[in-house]
Amino acid sequence: MVSNADLGELLWRAARDETDHRRRALERASRASRFWPSEASDVVSAGRPLTELRAVGPWVSSMLEGWLDDPPAVPEPDETRRGFLTFAEVRTTLDAEPEWEATSCADLQMHTTFSDGSLSLREMIEAARSLGRTFVAITDHSETLTIANGMSPERLAHQGRAIDDLNRGSEDANDPFRILRAIETDVFADGSLDMDDASLATLDLVLGAFHSKLRSTDDETPRYLAALGQHRLHVLAHPKARMYGRRIGLIADWRRVFAEAARLGKALELDATVWRQDLNVELATIAREEGVRWFSIGSDAHSAEELGFLSFGMATAVRAGIPRDRILNYRSAESVRAWASELSGGRRTA
Ligand SMILES: [Zn+2]
């Protein structure tokens with residue numbers, strides 16, 4: 001069978017032989033193929049037109065039909081495009097394990113206009129709520145990430161007060177929905193965090209992620225071990241820091257890194273953004289084998305539409321054999337708070 005992943009790769013290669021609008025049409029279809037809800041081969045078998053798929057017009061449709069009729073050798077994708085699930089694969093995976101989507105859960109990474117998101121705090125929370133999320137962690141960036149409009153300690157405190165107000169409103173209305181005060185703090189190359197300890201102590205949940213020197217070809221194991229050792233860090237976010245089509249991310253002795261996360265009881269993120277999928281299935285499997293106890297799924301949404309990415313993280317967990325009771329998203333807001341607080345050695349400050 002020629003999968004959507006194969007078709008995406010063939011479209012990408014075909015785009016290299018074209019110019020201008022034809023090239024753009026093929027590149028657009030290649031990117032869109034990651035989101036097609038069914039395998040194109042199934043659409044054809046069902047007698048439906050391929051033009052029902054996003055970014056497929058008559059010209060692209062005839063190319064796809066040619067490949068499906070007479071499958072060509074599919075070139076091995078560039079390393080930056082390997083190990084990503086397509087949405088068709090996500091659907092097949094979760095349709096076979098329906099309780100993952102049937103059970104309401106949280107979303108533990110998203111961004112607002114407090115850093116580089118496109119919606120205000122209130123709008124993003126409303127969007128997540130309307131999708132049935134049980135609680136959310138608001139994880140805007142820390143100060144050093146200036147390209148992402150990172151927050152100063154003062155802005156973080158301001159956001160925290162706004163979240164407290166919203167939570168109080170929910171409590172008064174007897175609404176169980178909660179918002180965790182959180183952050184995606186930058187982690188420097190020496191493992192230290194880009195936010196003062198007193199500010200971090202006010203948060204319910206601290207995600208830490210690397211955003212610098214991501215093209216290093218060295219073994220970065222020491223960087224990971226140093227980061228995991230930070231008592232304020234609860235979740236190592238998008239651990240490999242890879243990006244589809246752009247970079248493979250960092251290199252490390254993953255068994256050692258994950259064994260350390262397991263020993264310390266820290267969570268690893270399954271960043272569900274389509275272009276990240278970080279950890280991917282292969283690394284998530286190794287993490288499970290090394291005994292990592294907790295995983296955290298975050299859509300890493302910067303818009304309302306991207307909140308839908310969460311299913312990519314669920315499918316990654318299923319394919320890696322991670323049981324649902326090891327996913328923080330399926331616990332209550334209060335138990336995630338208590339877990340994080342215990343890791344940091346006590347209650348958060350007000
Ligand atoms: Zn990030």
Side-chain angles (χ1 to χ4, degrees), residues 80 84 106-119 121 124 128 136-152 155-156 159 180-195 199-200 203-216 220 223-224 226-228 230 232-252 257 261 266-280 283-284 287 295-303 305-310 312-313 316 328-329 340:
T80 62
F84 288 84
D107 186 338
L108 296 176
Q109 189 186 165
M110 64 186 63
H111 301 265
T112 73
T113 48
F114 272 92
S115 63
D116 58 348
S118 59
L119 296 182
L121 177 67
M124 199 59 172
V136 297
I138 298 295
T139 57
D140 282 304
H141 292 283
S142 60
E143 199 157 24
T144 300
L145 211 60
T146 47
I147 54 160
N149 184 32
M151 294 179 294
S152 64
R155 261 176 81 70
L156 176 68
Q159 183 184 62
L180 298 186
R181 290 170 60 165
I183 192 170
E184 178 186 0
T185 182
D186 217 9
V187 183
F188 298 123
D190 65 357
S192 61
L193 307 180
D194 178 29
M195 185 55 74
S199 297
L200 293 174
L203 300 177
D204 296 312
L205 189 67
V206 175
L207 278 63
F210 297 119
H211 292 107
S212 54
K213 302 197 176 77
L214 300 181
R215 290 175 193 274
S216 159
E220 296 289 343
R223 219 208 271 202
Y224 285 96
L228 287 167
Q230 298 286 332
R232 291 286 174 208
L233 181 141
H234 309 126
V235 181
L236 187 63
H238 53 69
K240 196 170 193 328
R242 68 179 188 153
M243 193 64 88
Y244 183 85
R246 280 177 35 205
R247 58 168 190 262
I248 60 164
L250 297 171
I251 296 159
V257 171
K266 304 279 167 110
L268 299 178
E269 189 183 42
L270 305 175
D271 188 305
T273 287
V274 176
W275 313 112
R276 286 193 183 270
Q277 299 188 39
D278 182 3
L279 303 172
N280 65 5
L283 288 181
F295 294 85
S296 169
I297 303 179
S299 64
D300 198 353
H302 290 69
S303 66
E305 192 195 9
E306 290 177 0
L307 290 166
F309 287 167
L310 209 65
F312 281 81
T316 299
L328 291 172
N329 305 57

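Hydrogens, waters and symmetry mates play no part in the numbers below; they use all other heavy atoms, side chains included. Indexing begins at 1, ligand by ligand and atom by atom, following the structure's order.
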Check: Glu269 side chain, His238 main-chain N or O, donor-acceptor pair, under 3.5 Å: yes

Phe188: ring-ring contact (aromatic ring centres under 6.0 Å, His included) partners, not counting sequence neighbours: none

Partners meeting salt bridge (Lys or Arg N to Asp or Glu O under 4.0 Å) with Glu220 (sequence neighbours left out): Arg223

Sub-2.8 Å protein N, O or S atoms surrounding the Zn ion (ligand 1): Glu184 OE2, His211 NE2, His238 NE2

Any donor-acceptor N or O pair under 3.5 Å, side chains Asp194, Thr144: yes

Results of salt bridge (Lys or Arg N to Asp or Glu O under 4.0 Å) for Arg276 - residues two or more places apart only: Asp300

Donor-acceptor contact below 3.5 Å, side chain Arg242 vs main chain Gln277: yes

